[in-house]
Amino acid sequence: MLRSPSTTCSVSVISDRNPGASMTSTVTAPAAPAADTGRRALAFFASYGTLIVLAAMIIGFGVARPVEFLSERNLINVLNQSALLAIVAGGLTYVLVAGQFDLSFANIISFSGILCVGLLERSGLPIPVAIGGSLLAAIAVGIANGVLVAYLRIHAIVATLATSTVLLGLNFLYSNGAPITLGEGGFTDIARGALAGIPIPVIAMAAVLAILWLVLNRTLLGHHLQATGSNTAAARLAGVAVGRVTLAAFVCAAVCAAICGVLLSSRIGSGMVTAGDGFLLSAFAAAFLGASVIRDGQFHILGTFVGVLIVSIAGNGLAILGAQSYVLYLVQGLVLLAAVALSTTSRRVLGRRRT
């Protein structure tokens, strides 16, 4: 059995019976534990474990393919690939901050893209009107999710799974199960264009994430969202309108999903029933990875963006290495487990040592 190091000191004690005499006794006191260094290291990993994973991925791919991976063109491409996922994952973060789940956003992405393209091609509406119609439809879906969860008290997973299924049916109904293809026009230039060399989706991502961060961290709504997610009962007793706050979170997630859907349909040049399917796992992976960045298990916008970078860099690097597509899904799951396990294990050990 290992023993912690100790220090020995001599203490002189004056006898009560003979004040002139003193006796010296040796007292053994435990030294400052040598584990302080280990505790600091664990605390560092608890807060920055996910960032370490991100840095390791960048270094690994950079060493393996320095010319291709570290080129300016590829780095801009990574940001462009991250843009749509970051937008939808940012909206999902609001729902997670409020202590809820949303499984409908993937079909909202598809629905918004199909509706936008359909309004353009079938109805001949102007681009702003078509985009506005898609956003309004998404807001209606977000309100439906919020009402089901916040006011009818249906579990969020069940409620959003139901709305997701309804949206899937509407997608097939409107598109007849076939992609709605865009003709030549200015709509495809939205996602394929650039301003001052920066792709428009990257600019849209920066704007959306900045707004989400400001609202969550600098407004009363954001504080109420965090209070609701931390302790719903306490938030309600403190005067927070929990129902309206939850409703706002679902509407925000739906609007972000619609923005993603519109940009995605502009990028691929069509509206498709399956367009949003690939975002479901990736958005949740990014948000949960982000919860282990800096803050102690709290969902936040900056962390979600870091999670998005991990997911996107993994996909980009594996593609450069020539890996098949199924490998990306394996890596996404393993990276999620590794990063979160690193942080949560560190916190657990730290918690035990504090007690």
Side-chain angles (χ1 to χ4, degrees), residues 41 44-90 93 188-210 212-213 260 263-264 266-268 278-279 281-294 300-343:
F44 178 82
F45 283 118
S47 297
Y48 301 101
T50 306
L51 293 175
I52 293 173
V53 172
L54 175 60
M57 289 176 59
I58 294 174
I59 293 171
F61 289 131
V63 171
R65 292 289 190 274
V67 177
E68 298 93 335
F69 181 75
L70 296 178
S71 66
E72 180 182 353
R73 180 180 179 181
N74 186 61
L75 295 178
I76 293 177
N77 185 44
V78 168
L79 287 177
N80 197 23
Q81 291 174 345
S82 304
L84 303 189
L85 177 58
I87 291 172
V88 69
T93 300
T188 55
D189 294 336
I190 296 176
R192 300 175 185 177
L195 293 175
I198 303 175
I200 291 177
V202 175
I203 298 174
M205 173 191 70
V208 170
L209 292 184
L212 292 175
W213 185 90
C260 174
L263 290 173
L264 181 62
S266 172
R267 175 178 288 177
I268 64 178
F279 288 88
L281 172 63
S282 298
F284 272 106
F288 278 93
L289 279 168
S292 59
V293 176
I294 301 176
H300 56 115
I301 298 299
L302 178 59
T304 296
F305 179 63
V306 173
V308 168
L309 288 179
I310 290 178
V311 173
S312 298
I313 287 174
N316 179 267
L318 290 172
I320 290 176
L321 293 176
Q324 297 186 20
S325 58
Y326 72 87
V327 177
L328 174 61
Y329 296 102
L330 295 176
V331 170
Q332 281 183 4
L334 292 174
V335 167
L336 176 60
L337 287 174
V340 175
L342 177 63
S343 296

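Here, residue 1 is the first one in the sequence, and each next residue gets the next number.
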Does any non-hydrogen side-chain atom of Pro199 lie less than 4.5 Å from one of Ile76? yes
Looking only at heavy atoms, what is the nearest atom pair of Ile320 and Arg65, with distance? CG2-CG, 3.6 Å
Shortest non-hydrogen contact from Ala89 toward Ala286: CB-CB, 4.4 Å
Begin with the C-alpha distance, continue with both residues' side-chain angles, and end with the deciding distance and a verdict on side chain to side chain contact (heavy atoms under 4.5 Å, CB included) for Leu54 and Val306. CA-CA 8 Å; Leu54 175 60; Val306 173; 4.0 Å; yes
In terms of heavy-atom contacts, Leu75 and Phe69 come closest through CD2-O, 3.8 Å
Spatial distance of atom CD1 (Ile310) from atom CD1 (Ile58) [nearest 0.5 Å]: 9.0 Å
Please round to the nearest 0.5 Å and tell me the distance separating atom CG of Leu318 and atom CZ of Phe61. 4.5 Å
Is a donor on one side and an acceptor on the other found under 3.5 Å between the side chain of Ser282 and the backbone of Phe279? no
Considering all heavy atoms of both residues, which atom of Val63 and which atom of Pro66 are nearest to each other, and what is their separation? O-CD, 3.5 Å
Kindly compute the distance separating CD (Glu72) from CG (Asn77), expressed to the nearest 0.5 Å. 12.5 Å
Minimum heavy-atom distance Val308-Ala86, with the two atoms named: CG2-CA, 3.7 Å
Verify side chain to side chain contact (heavy atoms under 4.5 Å, CB included) between Leu212 and Thr304, making sure each step is shown before the conclusion. CA-CA 11 Å; Leu212 292 175; Thr304 296; over 6 Å; no
Which of these passes side-chain contact (heavy atoms from CB on, under 4.5 Å) with Asn316: Val78, Leu321, Val311? Val78
What pair of heavy atoms forms the shortest contact from Pro201 to Gly193, and how long is it? CD-O, 4.4 Å
Taking only residues two or more places apart in sequence, or in another chain, which ones meet Ser266 in a side chain to side chain contact (heavy atoms under 4.5 Å, CB included)? Phe187, Ile190, Ala191
With a 4.5 Å heavy-atom cut-off, do Val53 and Leu289 have their side chains touching? no
Under a 4.5 Å cut-off applied to non-hydrogen side-chain atoms, are Leu209 and Trp213 in contact? no
Do Asn80 and Arg267 have side-chain heavy atoms sitting under 4.5 Å apart? yes
To the nearest 0.5 Å, atom CD1 of Ile87 lies from atom CZ of Phe305 at 11.0 Å
